[in-house]
Protein chains: 2
Amino acid sequence: MTAIEQFLEQKNIRPTAMRILVYQFLDTKEIAVGLTAIEHAFDKAERTTLYRTLKTFEEKGVVHQIDDGTGTTKYALCEAGCNCDVEQDLHLHFHCTKCNETTCLTDHKIQPMNLPDNFTAEDVNLVVKGICDKCND
Amino acid sequence: MTAIEQFLEQKNIRPTAMRILVYQFLDTKEIAVGLTAIEHAFDKAERTTLYRTLKTFEEKGVVHQIDDGTGTTKYALCEAGCNCDVEQDLHLHFHCTKCNETTCLTDHKIQPMNLPDNFTAEDVNLVVKGICDKCND
DNA sequence: GACTAAATGCACTACCGTTGCATAAACTTA
DNA sequence: TAAGTTTATGCAACGGTAGTGCATTTAGTC
């Protein structure tokens with residue numbers, strides 16, 4: 001049994017062929033990818049399967065969803081020990097308007113917010129748009 | 001000529017009946033509204049017209065777009081002197097998961113970000129999800 | 001009033017997210 | 001190992017939103 005299989009089982013996910021492939025794909029990517037991008041990466045992949053794979057991955061805490069403002073939701077692997085649910089753990093995302101890629105800036109945590117009276121926060125989403133390092137050369 | 005008509009002309013927008021209505025509607029709303037919401041507010045409105053009206057409003061700096069993570073873009077009137085383009089002027093938005101309304105927290109500006117080397121920011125979008133004051137009673 | 005430019009209405013496309021249902025694969029247990 | 005059960009997959013389809021092309025109307029201009 002490979003390391004990935006072990007990892008998935010530990011997360012209570014049956015390590016099917018498709019799931020392993022999706023995991024590997026996400027692992028090679030430094031950036032957050034959308035459903036369509038993954039679909040194009042494997043030409044014989046079924047859209048629904050990928051959709052549900054990502055959904056289970058998210059439920060089990062393997063990936064987290066990112067809404068970078070492009071209209072399509074993107075996914076990225078959680079880091080070891082990442083606890084996306086917990087407010088303190090939220091990092092910011094960077095969307096490059098040139099190459100259209102979305103990067104997780106995991107080192108850049110979001111400071112707790114000051115909200116008006118009677119507002120309670122559950123989730124914070126911070127996306128910075130601009131030009132990324134690769135495109136800025 | 002009414003104040004609204006004057007305002008629109010000053011922004012280089014022809015004050016047609018539809019546009020005045022849309023402006024008035026947005027003005028009464030404290031929250032950011034989506035295209036469909038506006039469409040339902042005027043039953044004889046044409047979706048495309050509203051879409052284009054909002055688009056011109058945005059281009060001319062009358063409204064600003066908000067992506068609150070619900071998947072549908074919302075619009076809100078810019079305040080007097082609001083300069084949505086300028087990075088310093090960006091405020092945060094609050095999306096209530098209970099009543100599904102998005103509020104502009106114009107008093108809560110976003111602090112400038114520290115980005116990794118060679119990343120340049122053009123735009124910042126910060127959305128906090130949770131329960132708003134009205135739903136927290 | 002004739003001409004020109006802009007705004008509107010209608011039809012239609014494309015894309016994404018999502019669900020229902022039938023089938024196939026993988027686990028369980030006798 | 002065969003039967004039965006759960007889980008994953010594949011296919012088809014729906015619904016909503018953004019967006020575009022084109023014809024028509026409306027509003028400004030001369």
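Chain identifiers are assigned alphabetically (A, B, ...) following the order of the sequence lines, protein sequences preceding nucleic acid strands; residue numbering begins at 1 within each chain. Values in this document were obtained by computation on a predicted structure and should not be read as measured data.
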Whole-Å distance, A:Leu54 CG to C:dT19 P, equals 15 Å
Grab the N/O contacts between the protein and nucleotides 24-30 of chain D below 3.5 Å, and write none if there aren't any.
none

Using a cut-off of strictly less than 4.0 Å between a heavy atom of the residue and any atom of DNA chain C, enumerate the qualifying residues of residues 65-72 of chain B by number. none
Give the rounded distance in Å between these two atoms: CG of A:Leu8 and C1' of C:dA26. 16 Å
In short, the helix from C:dG1-D:dC30 to C:dA30-D:dT1 is bent end to end, axes from five pairs each side, to 10°, by 20°
Nearest-angstrom distance from the residue atom CD1 of B:Ile38 to P of D:dA18: 10 Å
C:dC15 P sits how many Å from A:Leu50 CG, rounded? 17 Å
Side-chain N or O of A:Tyr51 versus OP1/OP2 of C:dG17: is the shortest distance under 4.0 Å? no
Roughly how far apart are A:Leu105 CG and B:Asn114 CG, rounded to 0.5 Å? 11.5 Å
Quick one: list whatever passes salt bridge (Lys or Arg N to Asp or Glu O under 4.0 Å) with A:Arg52, sequence neighbours left out. none
Partners passing salt bridge (Lys or Arg N to Asp or Glu O under 4.0 Å) against B:Lys129 (at least two apart in sequence or in another chain): none
Tell me which residues in residues 17-29 of chain B put a heavy atom below 4.0 Å from DNA chain C, sorted by number, or none. B:Met18, B:Arg19
Between CD of A:Glu58 and P of C:dG17 the distance, given in whole Å, is 12 Å
B:Glu39: what forms a salt bridge (Lys or Arg N to Asp or Glu O under 4.0 Å) with it, not counting sequence neighbours? B:Arg47
Nearest-Å distance, NZ (B:Lys74) to P (D:dG16)? 15 Å
Give the C-alpha distance, both sets of side-chain angles, the deciding distance and a yes or no for side-chain contact (heavy atoms from CB on, under 4.5 Å) between A:Asn125 and B:Leu126. CA-CA 6 Å; A:Asn125 187 29; B:Leu126 175 52; over 6 Å; no
Distance-only criterion, 3.5 Å: show the donor-acceptor pairs between side-chain atoms of residues 130-137 of chain A and protein atoms not counting sequence neighbours.
from     : atom 1 : to       : atom 2 : distance (Å)
A:Asn136 : ND2    : B:Asn118 : O      : 2.8
A:Asn136 : ND2    : B:Thr120 : OG1    : 2.9

Determine which pairs satisfy salt bridge (Lys or Arg N to Asp or Glu O under 4.0 Å) with at least one residue from residues 58-78 of chain A, sequence neighbours left out, and list them in order. A:Asp68-A:Lys74
Round to a whole Å and report the spacing from CG of B:Leu35 to C1' of D:dG19. 11 Å
Give, for atom CG of A:Leu92 and atom OG1 of A:Thr103, the distance between the pair rounded to the nearest 0.5 Å. 10.0 Å
Checking A:Gln65 against A:Leu54 for the side-chain contact (heavy atoms from CB on, under 4.5 Å) test, could you report, in this order, the C-alpha distance in whole Å, the side-chain angles of both residues, the deciding distance, and whether it holds? CA-CA 9 Å; A:Gln65 262 193 353; A:Leu54 291 165; over 6 Å; no
Are any of the side-chain heavy atoms of B:Asn100 and B:His95 separated by less than 4.5 Å? yes
When the distance from CD of B:Glu39 to P of C:dG9 is rounded to whole Å, what number comes out? 12 Å
Just wondering, do A:Leu77 and A:Val62 contact through their side chains at under 4.5 Å, heavy atoms? yes
Looking at D:dA8, I'd like to know if its phosphate oxygens (OP1 or OP2) sit under 4.0 Å from a side-chain N or O belonging to A:Lys55. no
Decide yes or no for A:His108 and A:Val128: does some side-chain heavy atom of the first lie under 4.5 Å from some side-chain heavy atom of the second? no
Give, for atom CD of A:Glu122 and atom OG1 of B:Thr97, the distance between the pair rounded to the nearest 0.5 Å. 4.5 Å
With sequence neighbours excluded, residues passing side chain to side chain donor-acceptor pair (under 3.5 Å) with A:His93: A:His91
Interface polar pairs with nucleotides 10-12 of chain C, N/O, under 3.5 angstrom:
from   : atom 1 : to      : atom 2 : distance (Å)
C:dC10 : OP2    : B:Glu46 : OE1    : 3.4
C:dC10 : N4     : B:Thr48 : OG1    : 3.2

Tell me which donor-acceptor pairs under 3.5 Å the side chains of residues 24-38 of chain B have, and how far apart each pair is, sequence neighbours excluded?
from    : atom 1 : to      : atom 2 : distance (Å)
B:Thr28 : OG1    : B:Phe25 : O      : 2.6

A:Phe57 and A:Tyr75 aromatic centres sub-6.0 Å: no
Return no unless some side-chain N or O of A:Thr36 is found under 4.0 Å from OP1 or OP2 of C:dC16. yes
